[in-house]
Amino acid sequence: QLLEEGEASLALVPGYLTKDANRAELASLGAVAYEPLWIFYHPDAFEGQPLTLLSQLAGKRVSIGAPDGKTHPLAVQLLSDSGITAETATLLDLPAQQAAGQLLQGDVDVVMLLEPYQAGIVQELLNAPDVELASLARIEAYTTRQRALTAVTLPAGIVDLGRDIPSEDKTLLASATNLVMRRDLNQTMGRSMLIASLLLDSQGDYFSKPYSFPNLEETDLPVLKEYV
């Protein structure tokens, strides 16, 4: 929104949002990393059964993020695709930190977060003893319906080998974060940001091999050749 209003010249934007961006004013300098959609839940709310389908959220208390946040639009769309709406579940527009606190206290059954692995709130919930991370089944159905999403795997034991967290591979959905610019951005600044992205993002992480990012493929916005 700040980009389209001219209040910012450059921003990191979840890839799934770029399909609706103003292509006349905005362009992409490429995708720079995968940002997973983390779905944390209380096992007791599901009677000990693993959460693998979003349709299982019927009747549950689900935090989908603040209305002006990056998680909210994606959560609403994915839940709607699975028949989960405000009529079939209690959908809570909670900011991430508040949602995490309520999940830990047992006041919320499920929290959905679009955040990088390194985010403090993600690390807190990954290491919380009474919280589980959902591993989604039917992953190809999700990625086929939402072309801007990719399936990624969080390997078993990667969070903490000593405590075996997670105890099995977890299949997650992820959106490729884009470095989005206004078309009137100074070319020198644009090229400098791209070089910085090459230095910072090319080493890879738990969800991408080295030199997977930055790339010019995982974006719905045009890429201007004078910047790359």
Side-chain angles (χ1 to χ4, degrees), residues 1-4 8-39 54 65 69-81 112-119 122 134-155 158 169-183 185 187 189-228:
Q1 183 177 349
L2 291 176
L3 284 169
E4 293 184 343
S9 298
L10 198 66
L12 292 170
V13 179
Y16 81 91
L17 290 175
T18 61
K19 68 179 186 299
D20 298 320
N22 186 341
R23 297 167 65 92
E25 295 184 357
L26 304 178
S28 177
L29 287 172
V32 297
Y34 285 130
E35 202 166 34
L37 178 67
W38 307 90
I39 304 174
L54 295 181
K70 58 186 176 180
T71 302
H72 194 277
L74 179 59
V76 169
Q77 183 61 62
L78 290 173
L79 292 174
S80 177
D81 287 346
M112 303 177 75
L113 299 169
L114 187 68
E115 295 286 349
Y117 171 81
Q118 299 87 348
V122 171
S135 182
L136 293 179
R138 310 290 187 271
I139 199 70
E140 288 190 16
Y142 290 115
T143 57
T144 299
R145 294 173 71 99
Q146 301 289 336
R147 293 290 184 180
L149 300 180
T150 300
V152 297
T153 300
L154 185 72
I158 196 69
D169 289 355
K170 298 288 187 177
T171 303
L172 314 175
L173 290 169
S175 177
T177 300
N178 274 230
L179 188 57
V180 178
M181 52 166 262
R182 287 188 58 83
R183 285 176 174 261
L185 178 69
Q187 289 187 22
M189 181 180 292
R191 293 193 189 104
S192 296
M193 292 302 300
L194 188 56
I195 291 170
S197 179
L198 283 166
L199 294 173
L200 292 171
D201 303 313
S202 63
Q203 298 180 30
D205 56 23
Y206 292 156
F207 301 111
S208 60
K209 295 179 180 180
Y211 305 107
S212 299
F213 292 103
N215 69 60
L216 304 178
E217 299 159 4
E218 297 185 74
T219 180
D220 287 318
L221 285 170
V223 177
L224 306 183
K225 62 181 181 180
E226 56 265 35
Y227 287 86
V228 299

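Under the 4.5 Å side-chain criterion, counting only non-hydrogen atoms from C-beta, Asp205 is not in contact with Tyr34. In this structure the side chain of Leu74 reaches within 4.5 angstrom of the side chain of Leu149, judged on heavy atoms. Within the 4.5 Å cutoff, the side chain of Leu37 has no heavy atoms near those of the Leu172 side chain.
Looking at Thr18, its side chain never comes within 3.5 Å of a backbone N or O of Pro14 through a donor-acceptor pair. The backbone N or O of Val180 lies less than 3.5 Å from no partner atom in the side chain of Asn178, so there is not a single donor-acceptor pair. A donor-acceptor distance shorter than 3.5 angstrom exists from the side chain of Ser28 to the backbone of Gly30, with no hydrogens or angles considered. Formation of a donor-acceptor pair under 3.5 Å by the Trp38 side chain with backbone atoms of Met112 is not found in this model. Put simply, the side chain of Thr71 gets close to the backbone of Leu114: a donor and an acceptor are under 3.5 Å apart. Side-chain atoms of Thr144 come within 3.5 Å of backbone atoms of Glu140 as a donor-acceptor pair (strictly under, hydrogens ignored). A donor-acceptor contact shorter than 3.5 Å links the side chain of Ser175 to the backbone of Tyr16.
Note: Asp220 CG to Asp20 CG = 9.0 Å, rounded to the nearest 0.5 Å. In this structure, Gln146 CD and Lys19 NZ are separated by 6.0 Å, a value rounded to the nearest 0.5 Å. Here Asn22 contributes atom CG and Arg182 contributes atom CZ; the two are 8.5 Å apart, rounded to the nearest 0.5 Å. A distance of 9.5 Å separates NZ of Lys70 from CG of Leu113, quoted to the nearest 0.5 Å. Between Arg183 atom CZ and Leu221 atom CG the span is 8.5 Å, to the nearest 0.5 Å. Here the CD1-OG1 distance, from Ile158 to Thr153, works out to 11.5 Å after rounding to the nearest 0.5 Å.
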Does Val223 form a side-chain contact (heavy atoms from CB on, under 4.5 Å) with Leu29? I'd like the steps, not just the answer. CA-CA 6 Å; Val223 177; Leu29 287 172; over 6 Å; no
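Around CZ of Arg138, the count of heavy atoms belonging to other residues, nucleotides or ligands within 6.0 Å does not exceed 12.
Aromatic ring centres of Tyr117 and Tyr206 lie closer together than 6.0 Å.
Residues Ser212 and Lys209 approach most closely at OG-O, 2.7 Å, considering heavy atoms.
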